[in-house]
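Numbering of residues begins at 1 and proceeds along the displayed sequence.
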Amino acid sequence: MDEEMEKDERVFLLGEEVAMYDGAYKVSKTFYMSAGKINVPIVFRGPNGAASGVAAQHSQCFAAWYANCPGLKVISPYSSEDCRGLLKSAIRDPDPVVFLENELLYGVPFEVSDEVMSKDFVLPIGKGGIECEVINLRTIRPLDEQCILESVMKTHHLVTVEQGWPQCGIGSEICARVIESPAFDYLDAPVVRVTGADVPMPYTKSLEPLTIPLSQDVVMAVKKVLNIQ
């Protein structure tokens, strides 16, 4: 963010306590004295009215909500590489972009290369990253449909994973696109969706992990698809 603010004077950071307090999780600490940091009152109405696309929320995943809006580009990064490359692309994009960060990943370190740390490093919006047929979508809207269909036709299976609620979720959209495409004939088993629990996100920290998918949930889903006991 600091690099993009330095590059373009039209870019600014607006939020609650982003200046003097250094922002939530100290995300704006590194450019404390930079111009373009604007504190707003701690009322949701302030930043919501001042910045298009900003919404007050706790820890719920609203990817499906935002992706349902025509004209919006929705980014859901996973790694530090995703965050850095896609955030720069989002800032430079002339269209409205919603950038959804995962709060639980703030404290998780990722290795990054010198290339990623370059000021010129950006990632294209709308392209998924693939590793061992694990597709890191990166962008929810536009969706890299071709990448998904090619993977299904190669592996003959599909498991979707998201933190959002099951009804009308991103996994549902992916399922629909696969069913409506020639890739459907390649499936050897029904698609399995791994989602968050269909309940409001609890505020209590001890209950929060019970409402989101865990690694064992993904493992169980993969075993179910492959008919492994």
Side-chain angles (χ1 to χ4, degrees), residues 1 15 24-25 27 44 47-48 51-91 93 95-108 110 123-131 134-149 151-152 158-180 191-203 207-215 217-218 221:
M1 289 188 289
Y25 297 92
V27 295
F44 295 140
N48 289 353
S52 175
V54 174
Q57 64 184 69
H58 172 46
S59 301
Q60 296 93 336
C61 177
F62 287 119
W65 287 23
Y66 289 120
N68 193 45
C69 301
L72 278 184
K73 294 181 179 179
V74 184
I75 295 176
S76 182
Y78 165 66
S79 65
S80 296
E81 177 179 335
D82 292 349
C83 287
R84 181 170 175 81
L86 289 169
L87 179 59
K88 294 169 80 71
S89 293
I91 293 173
D93 199 291
D95 297 319
V97 179
V98 176
F99 195 89
L100 301 173
E101 295 179 331
N102 190 313
E103 181 184 17
L104 299 180
L105 290 177
Y106 276 164
V108 178
F110 291 88
L123 289 172
I125 295 176
K127 298 296 180 181
I130 304 178
E131 181 178 355
V134 175
I135 301 177
N136 174 16
L137 285 177
R138 291 175 172 165
T139 308
I140 304 301
R141 183 167 187 159
L143 196 64
D144 195 349
E145 182 176 341
Q146 187 62 33
C147 176
I148 298 171
L149 299 184
S151 180
V152 170
L158 177 61
V159 173
T160 67
V161 183
E162 61 183 312
Q163 285 195 354
W165 297 298
Q167 183 161 323
C168 303
I170 302 302
S172 301
E173 175 67 22
I174 293 174
C175 290
R177 296 199 188 192
V178 170
I179 291 172
E180 295 168 353
V191 179
V192 174
R193 294 177 298 149
V194 181
T195 70
D198 196 16
V199 297
M201 175 65 72
Y203 186 79
L207 293 177
E208 190 175 86
L210 301 178
T211 64
I212 59 177
L214 301 176
S215 57
D217 300 320
V218 179

Report summary line: Contacts of T211 meeting side chain to side chain donor-acceptor pair (under 3.5 Å) (sequence neighbours excluded), chain-then-number -> none
Table please: side-chain donor-acceptor pairs of residues 164-174 below 3.5 Å, with sequence neighbours left out.
unit_1: W165; atom_1: NE1; unit_2: V199; atom_2: O; d: 2.8
unit_1: S172; atom_1: OG; unit_2: P166; atom_2: O; d: 3.4
unit_1: S172; atom_1: OG; unit_2: R193; atom_2: NH1; d: 2.8
unit_1: E173; atom_1: OE2; unit_2: R177; atom_2: NE; d: 2.7
unit_1: E173; atom_1: OE2; unit_2: R177; atom_2: NH2; d: 3.3

Report task. First locate atom CG of D144, then atom CG of L137, and finally report the distance between them rounded to the nearest 0.5 Å. Result -> 7.5 Å
Requested in this report: Please tell me if the side chains of L214 and D217 come closer than 4.5 Å, counting only heavy atoms from C-beta onward.
Outcome: yes
Query raised in the report: Taking only residues two or more places apart in sequence, or in another chain, which ones meet Y106 in a side chain to side chain donor-acceptor pair (under 3.5 Å)?
Result: E101
Query raised in the report: Which residues pass the side chain to side chain donor-acceptor pair (under 3.5 Å) test with R141, sequence neighbours left out?
Result: none
Query raised in the report: Which pair of non-hydrogen atoms, one from S76 and one from I140, has the smallest distance, and what is that distance?
Result: CB-CG1, 3.8 Å
Query - Minimum-distance pair of heavy atoms, taken over all atoms of V194 and P213 - result: CG1-CB, 3.7 Å
Query raised in the report: What is the distance from atom CD of E103 to atom CD of Q163, rounded to the nearest 0.5 Å?
Result: 10.0 Å
Query raised in the report: Sequence neighbours excluded, which residues qualify as side chain to side chain contact (heavy atoms under 4.5 Å, CB included) partners of L123?
Result: E81, D82, L86, F121, R138
**Report entry** Closest non-hydrogen atom pair, E208 against L104
**Finding:** OE1-CD2, 3.6 Å
Query raised in the report: L210: what forms a side chain to side chain contact (heavy atoms under 4.5 Å, CB included) with it, not counting sequence neighbours?
Result: L207
Query raised in the report: Under a 4.5 Å cut-off applied to non-hydrogen side-chain atoms, are Y66 and L100 in contact?
Result: yes
Report summary line: The reported gap from OG1 in T195 to CD1 in I212 (rounded to nearest 0.5 angstrom) is 12.0 Å
Query raised in the report: How would you list, by chain and number, every residue that makes a side chain to side chain donor-acceptor pair (under 3.5 Å) with D93, sequence neighbours excluded?
Result: K73
**Report entry** Residues forming a ring-ring contact (aromatic ring centres under 6.0 Å, His included) with F99, sequence neighbours excluded
**Finding:** none
Query raised in the report: Quick one: CD1 on I125 to OG on S89, what's the gap to the nearest 0.5 Å?
Result: 5.5 Å
Query raised in the report: Are N102 and V108 side-chain neighbours, meaning at least one heavy-atom pair lies under 4.5 Å?
Result: no
